[in-house]
Amino acid sequence: MIAKTTQPPEAARLLAWYDRHHRDLPWRVSPPMRARGIKADPYHVWLSEVMLQQTTVTAVKPYFAKFLALWPTVSDLAAAPTEAVMAAWAGLGYYARARNLKKCAEAVDRDHGGRFPETEAALKSLPGIGDYTAAAVAAIAFDEQAAVMDGNVERVISRYYAISEPLPGSKPAMKAKVAALTPAERPGDFAQAMMDLGATICTPKRPACALCPFRAECRALGESDPELFPVKAAKKDKPVRRAAAFVACSPQGRILLRRRPETGLLGGMTEVPVTHFTSRRDGETSPDAAPFPAAWQPRGTVIHVFTHFELRLDVYGAETPETPLADGWWEPLANLDAQALPSVMKKAIEAAMSRV
DNA sequence: GAGACGTGGAC
DNA sequence: TGTCCAAGTCT
């Protein structure tokens, strides 16, 4: 006889809130569907979780739809050319995710017969799957009682318990709190409910505490100010770097592109020739560093903000014959949409094409 | 464990 | 306008 599982009162209250107020999302199986026996597709859960890392739901939706249309199963993704995956990911950012996405799909296809492993520990050993994603996929797709903690959960927990220790030092203690709250029944819905609560009620600014199922017990609300949580270490200011980009356009309507190294910033993505991103913010760039001599014309400066520095990219343009080059290729302008061009490179090309 | 790693939207 | 950020992972 199995003892009836007890669950924390917080879990029951949150699940009741979730049943009424959950968001409908393309990768999600809602509570009514789950009640009818519909299960979440591990491939959909994993794909969405990786895309959602540090990325908004709004930004992810069209990419999620595109990936499923191109590669309906994880084995399809494993068989896809890496370049096609990078091109499809272009614009979403954090491109190591796309490189690891492909590696992970290959590992699942090759080592696990095209089925995702079902435990948190096994999932975490796969490329691009860390603490959060392993727990999320295990809980949501496989009903494992895994403690899922992301930025939303950190915010909810830090407020509920009024945790004054700053992040990231407070993470282990918060993870223990989440583990204690996570129920054996519906652990996946519990995780998604915590994240929905953080995204729609317990927001970073101006939280809607009046609508919160935890308003009566929340220590930050009762004793302090929820907006003061979570406490975080002070940020460092962003250095400015400078570089030059060279957009060469041929009379045949093609531009010179090349591929960046596999690792590091924008790793494996396509670019127009650019100089090294120097840390000196002052000092003009010049066409001397261009891939070949041409009548380079300044076409303005693109400002692009990365996570850890701001780039001032001086753009030069020239109309030139299609010089054969060891490094790079000439791509028709009409095909640019199919390239793995990150946003900063699209901005540079756009600047070069528009008449000043 | 601190830094590297994108982007576009909100206030 | 500048700041903060959005379902983190890897080294």
Side-chain angles (χ1 to χ4, degrees), chain A residues 22-23 25-28 44-64 86 89-101 103-104 123-137 139-141 146-156 166-169 171-172 175 178 188 190-200 202-206 227 230 232-241 260-269 271 277 302-311 313 340-347:
Chain A
H22 64 84
R23 291 177 291 176
L25 299 171
W27 46 84
R28 174 176 286 180
H44 296 188
V45 175
W46 163 73
L47 180 61
S48 67
E49 292 300 344
V50 173
M51 288 182 166
L52 286 162
Q53 292 166 8
Q54 300 291 284
T55 308
T56 59
V57 166
T58 304
V60 164
K61 280 181 176 175
Y63 284 86
F64 180 78
M86 300 307 286
W89 195 277
L92 247 200
Y94 282 138
Y95 298 102
R97 292 185 295 171
R99 302 194 296 271
N100 286 330
L101 190 81
K103 289 181 194 163
C104 183
L123 287 161
K124 191 167 153 30
S125 70
L126 292 166
I129 299 188
D131 287 339
Y132 162 74
T133 305
V137 174
I140 297 169
V148 177
M149 194 169 73
D150 73 328
N152 287 304
V153 179
E154 287 172 0
R155 192 165 53 252
V156 172
L167 283 169
K171 267 193 172 186
K175 183 76 171 275
V178 177
F190 175 81
Q192 295 179 94
M194 288 286 277
M195 295 189 279
D196 276 20
L197 188 71
T200 64
C202 196
T203 51
K205 305 293 181 190
R206 300 176 59 83
E227 278 197 20
K232 294 182 181 178
K235 310 191 146 76
K236 301 181 174 174
D237 50 74
K238 215 159 259 203
V240 176
R241 297 187 193 175
R260 292 179 64 85
E262 286 305 306
T263 58
L265 186 72
L266 309 176
M269 299 295 284
E271 67 174 7
F277 296 171
V302 166
I303 308 271
H304 189 81
V305 182
F306 291 95
T307 305
H308 53 299
F309 66 92
E310 174 184 314
L311 178 65
L313 188 61
L341 285 167
S343 294
V344 63
M345 296 302 160
K346 289 185 176 173
K347 283 190 198 174

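Bear in mind that the values here come from a model prediction, so they are computed numbers and not experimental data. Here is how names work: the chains are called A, B, and so on, in the same order as the sequence lines, proteins then strands, and each is numbered from 1.
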Inset, instruction - Provide, to the nearest angstrom, the distance between the CD atom belonging to A:Q54 and the P atom belonging to C:dC10. - result: 13 Å
Inset, instruction - May I ask you to say what A:R28 touches in the nucleic acid, namely base, sugar-phosphate or nothing, with a heavy-atom cut-off under 4.0 Å? - result: base
Inset, instruction - Indicate yes or no for a side-chain donor-acceptor contact from A:R260 to the backbone of A:L265 under 3.5 Å, with no hydrogens or angles considered. - result: yes
Inset, instruction - For A:K171, report the nucleic acid contact type (base, sugar-phosphate, nothing); a contact means any heavy atom under 4.0 Å. - result: nothing
Legend entry - N/O donor-acceptor pair, side chain A:T55 with base B:dG6, under 3.5 angstrom: yes
Inset, instruction - Quote, to the nearest angstrom, the C1' distance that separates C:dG8 from B:dG1. - result: 15 Å
Inset, instruction - Take atom CZ of A:F277 and atom C1' of B:dA4, then tell me their distance rounded to the nearest Å. - result: 14 Å
Inset, instruction - Check every strand shown and say whether A:I129 touches a base, only sugar-phosphate, or nothing at a heavy-atom separation below 4.0 Å. - result: sugar-phosphate
Inset, instruction - Give a yes/no on whether any side-chain N or O of A:S343 is located under 4.0 angstrom from OP1 or OP2 of B:dG8. - result: yes
Legend entry - For atom CG of A:L313 and atom P of B:dG6, their distance in whole Å: 15 Å
Legend entry - Spacing between A:M149 atom CE and C:dT9 atom C1', to the nearest angstrom: 14 Å
Inset, instruction - Locate the shortest heavy-atom distance separating A:A139 from A:A146; write the atom from each residue and the value. - result: CB-O, 4.3 Å
Inset, instruction - Could you tell me whether A:G267 contacts a base, only the sugar-phosphate backbone, or nothing, with contacts defined as non-hydrogen atoms closer than 4.0 Å? - result: nothing
Inset, instruction - Respond yes when some side-chain nitrogen or oxygen of A:Q53 is under 4.0 Å from OP1 or OP2 of C:dG8, and no when none is. - result: no
Pick out the pairs of N or O atoms, protein on one side and nucleotides 9-11 of chain B on the other, that lie under 3.5 Å.
none

Legend entry - Stepwise side chain to side chain donor-acceptor pair (under 3.5 Å) check, A:T55 with A:R97: CA-CA 11 Å; A:T55 308; A:R97 292 185 295 171; 3.1 Å; yes
Inset, instruction - Sticking with atom P, work out how far B:dG6 lies from C:dT11, rounded to a whole angstrom. - result: 14 Å
Legend entry - Toward the 5' end of DNA chain C, by each residue's nearest nucleotide, A:G198 or A:G128: A:G198
Inset, instruction - Round to the nearest Å and state the distance from A:Y95 atom OH to C:dC10 atom P. - result: 19 Å
Inset, instruction - Is it possible for you to check whether A:R241 lies under 6.0 Å from the centre of the six-membered ring of A:F309, through NZ or CZ, and within 45° of that ring's axis? - result: yes
Inset, instruction - Please check the phosphate of C:dT9 (OP1 and OP2 only) for any side-chain N or O of A:K124 closer than 4.0 Å. - result: no
Legend entry - Qualifying residues under side chain to side chain donor-acceptor pair (under 3.5 Å), relative to A:E310, sequence neighbours excluded: A:R312
Inset, instruction - Give one of base, sugar-phosphate or nothing for A:W27, where a contact means two heavy atoms less than 4.0 Å apart. - result: base
Output a table of nitrogen or oxygen pairs between the protein and nucleotides 1-3 of chain B separated by less than 3.5 Å.
| unit_1 | atom_1 | unit_2 | atom_2 | d |
| --- | --- | --- | --- | --- |
| B:dG3 | OP1 | A:K236 | NZ | 2.2 |
| B:dG3 | OP2 | A:K236 | NZ | 3.3 |

Legend entry - Euclidean distance, atom CG of residue A:D150 to atom C1' of C:dC5 [Å, nearest integer]: 13 Å
Inset, instruction - Report which part of the nucleic acid A:I140 touches: base, sugar-phosphate, or nothing (heavy-atom distance under 4.0 Å, all strands). - result: nothing
Inset, instruction - Go through the N and O atoms of the side chain of A:Y94 and the base of B:dG6, and report whether any donor-acceptor pair is under 3.5 Å. - result: yes
Legend entry - Protein-nucleotide distance (A:K205, atom NZ; C:dA6, atom P), rounded to Å: 9 Å
Inset, instruction - Check whether any side-chain N or O of A:R99 sits under 4.0 Å from OP1 or OP2 of C:dT9, and answer yes or no. - result: no
Inset, instruction - Kindly say if A:H304 contacts the phosphate of B:dT7, meaning a side-chain N or O under 4.0 Å from OP1 or OP2. - result: yes
Legend entry - Check: C:dG8 base within 3.5 Å donor-acceptor of A:T133 side chain: no
Inset, instruction - Would you mind reading off the distance between A:M51 atom CE and B:dC5 atom P, rounded to a whole angstrom? - result: 22 Å
Inset, instruction - Could you pull out the closest heavy-atom pair between A:M149 and A:K175, with the gap in Å? - result: SD-N, 3.7 Å
Inset, instruction - Return yes if some donor-acceptor pair links the side-chain N/O of A:D196 with the main-chain N/O of A:R23 below 3.5 Å, else return no. - result: yes
Inset, instruction - Answer with yes or no whether the side chains of A:T203 and A:R155 bring together a donor and an acceptor at under 3.5 Å. - result: no
Legend entry - Minimal non-hydrogen separation, A:M195 against A:D150, with atom names: SD-OD2, 3.5 Å
Inset, instruction - Determine the contact category for A:V148: base if any of its heavy atoms lies under 4.0 Å from a base atom, sugar-phosphate if only primed atoms, P, OP1 or OP2 are that close, otherwise nothing. - result: nothing
Legend entry - Any side-chain donor near an acceptor of the partner, A:H308 and A:K238, under 3.5 Å: no
Legend entry - Sole candidate of A:E49, A:Q53, A:K124 that passes side-chain hydrogen bond (donor to acceptor under 3.5 Å, both in side chains) when paired with A:T133: A:Q53
